[in-house]
Amino acid sequence: MRSRRSVQALLGVLAQLTQGVIGLALLLVGHEAHLSVATSALAVSAYAIGMSVGRPLQGRALDTVAPALVLAACGLAHAGAYVLITVAAHNRWAGLFVAFSMLAGLFLPPIATQMRAQWPQAVGADRATSVFAFIALLQTLSVLIAPVLFSAVSSVASAAAAMLTVAGVSGACTVLFALAVPRGRAPGGSPGRVAVRRYFTPLLLTLLVGAVAGSLEVVAPALAIAAHHPGAAGPLVIIATLGMVASGALAMRVGNRIAARTMLVRAAALEVIGAAVLLIPAPLPVAGVGLVLVCAGDTPAIAALGTLVREHAAGTAEAFGWQSTALGLGVAGGSAVAGALVTVGAHLSAVPALVCAVACAAIASFDLLAVRHQQGATA
């Protein structure tokens, strides 16, 4: 069992590579094909829309159909969509370029969704948060590896070739991942469809955490440009990502000793502190500290929220699909608001991170107090 999960973990990292480079890939492929920047940006948005719509549908399919079949079909369709994207770009078919990008998002393989639905069942409820932290860590590794592979191929070939290479690796590893998934529905799996209202609060909190992460995508380059050191944006992002990796590793170790709600409150508080630091006009090293603090709270928060979704929604894959949708919408919203605030002031772009982190900390604290009150009343 452990060897199978190790294989799944490795394949899971490689199968999710397209998620870590899709924005860069579509923009560069569009530029290479002499499509307008507006068209390429619209394609990126279409991809995000497709992903947001597809995740709950894929989750429902994982609950009702053999997961191996769903994963393999999505992997092949996802890779095929990138071929269509390349053909559309080469022929400068702007409309199809956008449409096929949405198709790629719609069939983005639900690797993390399947992991969240399957893996906690094998370890028990007391270790679920550690498992969710590990899954988030795998996704972070995908985000780190994907740009390296894309850049290596594009430097010797083209952006289109690089995109197809990443898509090919992702599709092949998704099919292999599907082969490593147990046949049929998991024993003791979901009892059927669970109403969204049952796990609405974790979804709302996921949306807020996503908005914090999305705003940071704008904050890092904005602060670097404002400090007249645009080249520092890359190192700032790398440092912040390493903060996510370190906090994810720590969450894996302590996840079985700290209640999910307690971890969420602490993680949100850490994000509040980091976002407050980013609002202070200060040298870039100080901004780097703020970015690390915010990102250090991101992975534990996502891990804790995975546990809460599992608790409220009986571990259904559809619920985890909705969580992915909430996270994606939060990222998009946080980036959009932060981008609008950049025109007023670079440091003000951190306002969405602060507001959403404060809201997350407040809601999570209220939920924690309510649970403790109920436990005290029944003791």
Side-chain angles (χ1 to χ4, degrees), residues 128-137 139-140 143 201-202 204-220 223 236-280 282 284-309 323 326-327 330-331 333-335 337-338 347-369 371-372:
T129 303
S130 295
V131 173
F132 289 125
F134 180 54
I135 294 170
L137 189 58
Q139 291 180 298
T140 303
V143 172
T201 298
L204 174 61
L205 291 168
T206 301
L207 181 76
L208 293 173
V209 172
V212 173
S215 64
L216 294 188
E217 295 180 359
V218 176
V219 172
L223 293 180
L236 283 176
V237 172
I238 292 173
I239 292 172
T241 304
L242 292 177
M244 292 177 62
V245 172
S247 65
L250 179 61
M252 285 173 55
R253 293 182 61 87
V254 304
N256 60 335
R257 299 197 299 268
I258 299 178
R261 289 175 176 81
T262 301
M263 179 179 288
L264 177 59
V265 171
R266 294 178 181 179
L270 194 61
E271 290 181 334
V272 170
I273 295 171
V277 171
L278 292 173
L279 281 171
I280 303 172
L284 280 181
V286 177
V289 172
L291 285 171
V292 170
L293 289 175
V294 177
C295 288
D298 185 70
T299 306
I302 293 298
L305 287 168
T307 299
L308 295 183
V309 169
Q323 187 183 22
L327 185 64
V331 169
S335 298
V337 176
H347 289 276
L348 290 178
S349 61
V351 168
L354 178 63
V355 172
C356 292
V358 168
C360 183
I363 296 173
S365 298
F366 179 79
D367 190 42
L368 177 62
L369 291 174
V371 170
R372 288 181 174 176

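- Here CG of L308 is found 7.5 Å from OG1 of T129. Values are rounded to the nearest 0.5 Å.
- With sequence neighbours left out, V245 forms a side chain to side chain contact (heavy atoms under 4.5 Å, CB included) with L137, T140, L144.
- Residues forming a side chain to side chain contact (heavy atoms under 4.5 Å, CB included) with V355 (at least two apart in sequence, or on another chain): V351.
- Shortest non-hydrogen contact noted between L270 and L293 is CG-O, 3.5 Å.
- Partners of R266 according to the salt bridge (charged side-chain N to carboxylate O under 4.0 Å, His left out) rule, which considers only residues two or more places apart in sequence or in another chain, do not exist here.
- For S335 (side chain) and G214 (main-chain N/O), a donor-acceptor pair under 3.5 Å exists by modelled atom type.
- One distance of note links CZ of R261 with CG of L205; it measures 10.0 Å at 0.5 Å rounding.
- When all heavy atoms are compared, the tightest approach of C356 to V212 is CB-CG2, 3.8 Å.
- Contact check for V286 versus I280: no side-chain heavy atoms found under the 4.5 Å cut-off.
- Residue pairs meeting the side chain to side chain donor-acceptor pair (under 3.5 Å) criterion with at least one member in residues 242-254, sequence neighbours excluded, do not occur.
- Distance check: L284 CG to L291 CG gives 9.5 Å after rounding to the nearest 0.5 Å.
- From I135, atom CD1 reaches atom OG of S130 across 11.0 Å, with rounding to the nearest 0.5 Å.
- Remark: C295 pairs with L216, A240, M244 by the side chain to side chain contact (heavy atoms under 4.5 Å, CB included) rule, at least two apart or across chains.
- Taking all atoms of both residues into account, the shortest heavy-atom contact from V337 to P352 is CG1-CG, 3.6 Å.
- Between V272 and A361 the shortest heavy-atom distance is CG2-CB, 4.4 Å.
- Residues V292 and G243 approach most closely at CG1-CA, 4.4 Å, considering heavy atoms.
- Here the CD atom belonging to E271 is positioned 11.5 Å from the CG atom belonging to L278, to the nearest 0.5 angstrom.
- Closest heavy-atom contact between V237 and A220: CG2-CB, 4.0 Å.
- With rounding to the nearest 0.5 Å, the separation of CD1 in I363 from CG in L208 is 5.5 Å.
- The side chain to side chain donor-acceptor pair (under 3.5 Å) contacts involving residues 347-363 comprise nothing, where partners must be two or more places apart or lie in separate chains.
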